[in-house]
Amino acid sequence: MCGIVGYIGSGNVYDILIKGLHRLEYRGYDSAGIALVNDAGKLAVYKAKGKVHNLEEYCNDKPKEEAVAGIAHTRWATHGEPSDHNAHPHYSEDGNLALVHNGTIENYQLLKDALIEQGCTFKSETDTEVLVQLIEYIKVKNDCSLLDAVRKALHEVVGAYAIAVLEKDNPDTIIAARKSSPLVVGIGDGEFLLASDATPIVEYTKDVVYLKDEEIAILQRGKPIQLVTLENEKAEIDVKKLELSISQLEKGGFPHFMLKEIFEQPKTLLDCIRGRVIDNGKKVMVNGVIDNKLKFIRAKRIVIVACGTSWHAALIGKYLLQDMCKIPVAVEYASEFRYSRPVLDNNDVVIAISQSGETADTLAAVKIARKMGAFVYGISNVVGSSIPRETDSGTYIHVGPEIGVASTKAFTGQVMVLTMLALSVAQLRGTMTDKEITEIAREILTIPEKVDNILKTLNEKVKNMSLIYTYARNFLYLGRGYSYPVALEGALKLKEISYVHAEGYPAAEMKHGPIALIDEEMPSVIIAPKDHLYDKIVNNVQQVKARGGSIIAVVTEGDDLISQIADHVLEVPKVSECLTPIITSIPLQLISYYIAINKGKNVDMPRNLAKSVTVE
Ligand code: G6P
């Protein structure tokens, strides 16, 4: 949520920052801006409403070649509408400082009132302008360095921040700091890059330092990086090597990242399974589980916390863990959990699922659960992100960077990790026989190929079928058991990128309300693989048909019952019940993609959304 880039070095500052903003645009894209400083002490700020290319157009005729350092920002609005004047960077009133910010300053109104009393005036409605004015006010009043002013100001602030500050009279330095919002420094050859994640950095250097909460980085031309705490104590510099490649950040011939990521799933699932299902399926080794086996053996309960798509994966995790490990599982929205006065103790295992590893609510839930003594396990995609660092242990899904805002390959990766985790825990708790575990594990090894076949056989079919449904204004997605969270996720995908109202429901629950909505204008997408609830869902399909609703059914190959009732049938290969969610999700991803494309929507950057939600 909001992307920050910074650069200091001998490269072309403007070009590097703009390229970085494009890489981070998935984090927010309602306005963008850039601040450039040159050796003569000229600090220029250029901003434009809309996407980064609007900023580029605006900057076309602006002087930028002489810049020696700069900071830039792509915004997802929290305080104040998307507009030129609310875009970052924000100047201090005297024009001495420019600042970019990701996060929210909760006590900004209090600070703003105090500054107004001191005579400050404001140009924007943002909390960010308050912060830059506060820093400048402290700097002037105490006649101190920028670093000291930043430290003092951050002591006053309640909330979350990742910031970068540039000073007019000190073009050799960028000061950056973080608390609860991510920030990474890239250490190049005589240059520093700074960004909200590593994607703008990877083409310049693989050496990075992930800032910790309440750390400040001092990036000076010609000097090594320095890190201090808010108390001005030296902090440890832990340089990590990036394992990211540039090709992972490009579309590779696909028209959109979302389609690329859907089609990558055979490979990403393979990467996710690699080294975890071993000896041709004889064993499942999830290291984070094995290393903490007593925690999982003794656990009286598992609580899973997540948001958005990850929450849907969590619901599937509940079915998996209950079925395989015979352990009670509760699934909570992280945003509700954190304020629900949760009851937890050291007999509980809490699993936090987050693709980005940065979602503010999930991160807060992790901190609360640890404080209460629970063992906290993270399932994440982004190496080095906050959640993996704050949890006791965990597993990466290893699906590579997901750029499309609507999650696809990360969802199937999360479900795959949860499946392997449940098998691994079942092994330890003795709740499944070795034979049962091996059977599922062997089948897991066939899933990437099955997903590949689904994509090959259904892509054109769904593309054509989508034309019929493009103008439906409401959709119902129905499923039972493992297919119920799949229905929720299918509906969310359609909502997110095509702006069509879609509701996911447990199929049997439909008769308690949503059935009233069904008519010939409201299609239902029914997820009905051959599982132990198949006969039950057949009844629900009949109930929809009897009310004139059209039906798109996702069924197991060879289905001859629902196939006769449904208007459109999408067949997927037969797999064990616990593996159906991965298989049945694929056609639903394609449905939402093609409907959104037919409607001319920007599937990779849908309106109002952001990929990484680092605010409450
Ligand atoms: C945002 C994204 C969703 C994602 C959710 C949770 O809303 O647009 O795709 O599912 O955040 O993100 P996380 O990174 O925690 O999985």
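All values below were derived from every heavy atom in this structure, side-chain atoms included, with hydrogens, water molecules and symmetry-related copies excluded. Bear in mind that the values here come from a model prediction, so they are computed numbers and not experimental data.
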Exercise for the section: Examine the side chains of Ser10 and Glu191 and answer whether a donor and an acceptor come within less than 3.5 Å of each other. Expected result: no
Handout entry: Expected output: side-chain Lys47 to main-chain Pro89 donor-acceptor under 3.5 Å
Key = yes
Handout entry: Tyr7 and Tyr204, any side-chain heavy atoms less than 4.5 Å apart
Key = no
Exercise for the section: Please name the pair of heavy atoms, one in Ile216 and one in Leu230, separated by the smallest distance, quoted to 0.1 Å. Expected result: CD1-CD2, 3.8 Å
Practice task
Keeping the roles fixed (side chain from Asp361, backbone from Ala334), state whether a donor-acceptor pair exists under 3.5 Å.
Solution key: no
Fill in the blank from the handout: Value for CG (Leu211) from CG (Leu194), rounded to nearest 0.5 Å, stands at 7.5 Å
Problem - No-hydrogen, no-angle side-chain donor-acceptor test under 3.5 Å, Gln589 and Thr408 - result: no
Exercise for the section: Verify the distance criterion only: is there a donor paired with an acceptor across the side chains of Ser124 and Glu129 at less than 3.5 Å? Expected result: yes
Practice task
Measure from the side-chain N and O atoms of Asp84 to the backbone N and O of Lys49, and report whether any donor-acceptor pair falls under 3.5 Å.
Solution key: yes
Exercise for the section: Look up atom CD in Glu167 and atom CD1 in Ile135, then write down how far apart they are to the nearest 0.5 Å. Expected result: 10.5 Å
Practice task
Tell me, with the steps shown, if Leu134 and Glu156 meet side chain to side chain contact (heavy atoms under 4.5 Å, CB included).
Solution key: CA-CA 9 Å; Leu134 178 66; Glu156 305 288 319; 4.1 Å; yes
Problem - Under 3.5 Å donor-acceptor, Lys240 side chain and Gly384 backbone - result: no
Handout entry: Residues Glu66 and Lys42 bridged, charged N to O under 4.0 Å
Key = no
Problem - Heavy atoms of other groups near Lys19 NZ, more than 12 under 6.0 Å - result: no
Fill in the blank from the handout: Here the gap from Ile397 atom CD1 to Ser310 atom OG, rounded to the nearest 0.5 Å, amounts to 8.0 Å
Handout entry: Heavy-atom check, side chain of Tyr91 versus side chain of Leu43, under 4.5 Å
Key = yes
Practice task
Go through the steps for Lys212 and Glu214 under the test side chain to side chain contact (heavy atoms under 4.5 Å, CB included), then give the verdict.
Solution key: CA-CA 6 Å; Lys212 299 197 186 83; Glu214 305 200 339; over 6 Å; no
Exercise for the section: Taking Ser380 for its side chain and Ser354 for its backbone only, find out whether a donor-acceptor pair lies under 3.5 Å. Expected result: yes
Problem - Salt-bridge contact Asp39-Arg221 (side-chain N to carboxylate O under 4.0 Å) - result: yes
Handout entry: Heavy-atom check, side chain of Leu111 versus side chain of Val157, under 4.5 Å
Key = yes
Handout entry: Distance (rounded to the nearest 0.5 Å) between Ile16 CD1 and Glu203 CD
Key = 9.0 Å
Fill in the blank from the handout: Between Leu55 and the options Leu17, Ile18, Thr74, the side chain to side chain contact (heavy atoms under 4.5 Å, CB included) test singles out Ile18
Practice task
Answer whether the closest heavy-atom distance between the side chains of Asp213 and Arg178 falls below 4.5 Å.
Solution key: yes
Completion exercise
side-chain hydrogen bond (donor to acceptor under 3.5 Å, both in side chains) with His22: of Lys51, His53, Glu56, only one passes, and it is Glu56
Practice task
Using a strict cut-off of less than 4.0 Å between a Lys/Arg side-chain nitrogen and an Asp/Glu carboxylate oxygen, indicate whether Lys139 and Asp94 qualify as a salt bridge.
Solution key: no
Fill in the blank from the handout: Applied to residues 242-254, the salt bridge (charged side-chain N to carboxylate O under 4.0 Å, His left out) test, sequence neighbours excluded, yields Arg23-Glu250
Practice task
Please step through side chain to side chain contact (heavy atoms under 4.5 Å, CB included) for the pair Lys611 and Glu402, ending with a clear verdict.
Solution key: CA-CA 9 Å; Lys611 182 101 193 131; Glu402 190 179 66; 2.6 Å; yes
Practice task
Flag the pair Val382 / Asp197 as yes when at least one side-chain heavy-atom distance between them is below 4.5 Å, and no otherwise.
Solution key: no
Handout entry: Validation row: Tyr29, Pro606 side chains within 4.5 angstrom (heavy atoms)
Key = yes
Problem - Whether Glu358 side chain and Ser386 backbone form a donor-acceptor pair below 3.5 Å - result: yes
Practice task
Would you please name every residue forming a side-chain hydrogen bond (donor to acceptor under 3.5 Å, both in side chains) with Lys267, sequence neighbours left out?
Solution key: Asp271
Practice task
For residues Ile34 and Cys59, determine if any side-chain heavy atom of one lies less than 4.5 Å from a side-chain heavy atom of the other.
Solution key: yes
Problem - Salt bridge present between Lys493 and Glu489 (N-O < 4.0 angstrom) - result: yes
Exercise for the section: Find out whether Pro200 and Leu24 are in side-chain contact, i.e. whether some heavy atom of one side chain is under 4.5 Å from a heavy atom of the other. Expected result: yes
Exercise for the section: Can you establish whether the number of heavy atoms outside Lys463 located under 6.0 Å from its atom NZ is more than 12? Expected result: no
Exercise for the section: Kindly compute the distance separating CG (Leu183) from OG (Ser181), expressed to the nearest 0.5 Å. Expected result: 9.0 Å
Problem - Lys/Arg cation over aromatic Phe122: Lys112, 6.0 Å, 45° cone - result: yes
Practice task
Quick one: sort the His256 and Tyr593 rings into parallel, tilted or perpendicular, breaks at 30° and 60°.
Solution key: perpendicular
Exercise for the section: Output the distance between atom OG (Ser31) and atom CG (Asn54), rounded to the nearest 0.5 Å. Expected result: 10.0 Å
Handout entry: Worked verdict on Lys601 versus Ile595 for side chain to side chain contact (heavy atoms under 4.5 Å, CB included)
Key = CA-CA 9 Å; Lys601 304 299 180 206; Ile595 289 183; over 6 Å; no
Handout entry: Any donor-acceptor pair under 3.5 Å from Asp127 side chain to Ile105 backbone
Key = yes
Problem - Backbone of Leu244 reached by a side-chain donor or acceptor of Lys206 within 3.5 Å - result: yes
Exercise for the section: Taking atom types as modelled, find out whether Asn86 and Glu125 have a side-chain donor-acceptor pair closer than 3.5 angstrom. Expected result: yes
Fill in the blank from the handout: Here the pair of heavy atoms bringing Gly33 nearest to Leu21 is O-CD1, 4.1 Å
Exercise for the section: Could you verify whether a donor N or O on one side chain and an acceptor N or O on the other, from Asp172 and Gln220, lie under 3.5 Å apart? Expected result: no
Handout entry: For Ile174 against Gly70, the heavy-atom pair lying closest together
Key = CD1-O, 3.7 Å
Completion exercise
Closest non-hydrogen contact found for Leu494 with Ala502 is CD2-CB, 4.0 Å
Practice task
Assess the side chains of His90 and Gln133: does a donor N or O sit below 3.5 Å from an acceptor N or O?
Solution key: no
Fill in the blank from the handout: Correct closest heavy-atom pair for Gly404 and Asp604 would be CA-OD1, 4.0 Å
Problem - Side-chain (Arg338) to main-chain (Ala365) donor-acceptor, under 3.5 angstrom - result: no
Exercise for the section: Would you check if there is a donor-acceptor pair between the side chains of Asn598 and Tyr471 at a distance under 3.5 Å? Expected result: no
Practice task
Scan Ile187, Ile175, Val185 and name whichever one has a side chain to side chain contact (heavy atoms under 4.5 Å, CB included) with Leu219.
Solution key: Val185
Practice task
Verify, without hydrogens or angle tests, whether His73 (side chain) and His101 (backbone) share a donor-acceptor contact under 3.5 angstrom.
Solution key: yes
Problem - Smallest separation among heavy atoms of Gly308 and Leu492, with atom names - result: C-CD2, 4.3 Å
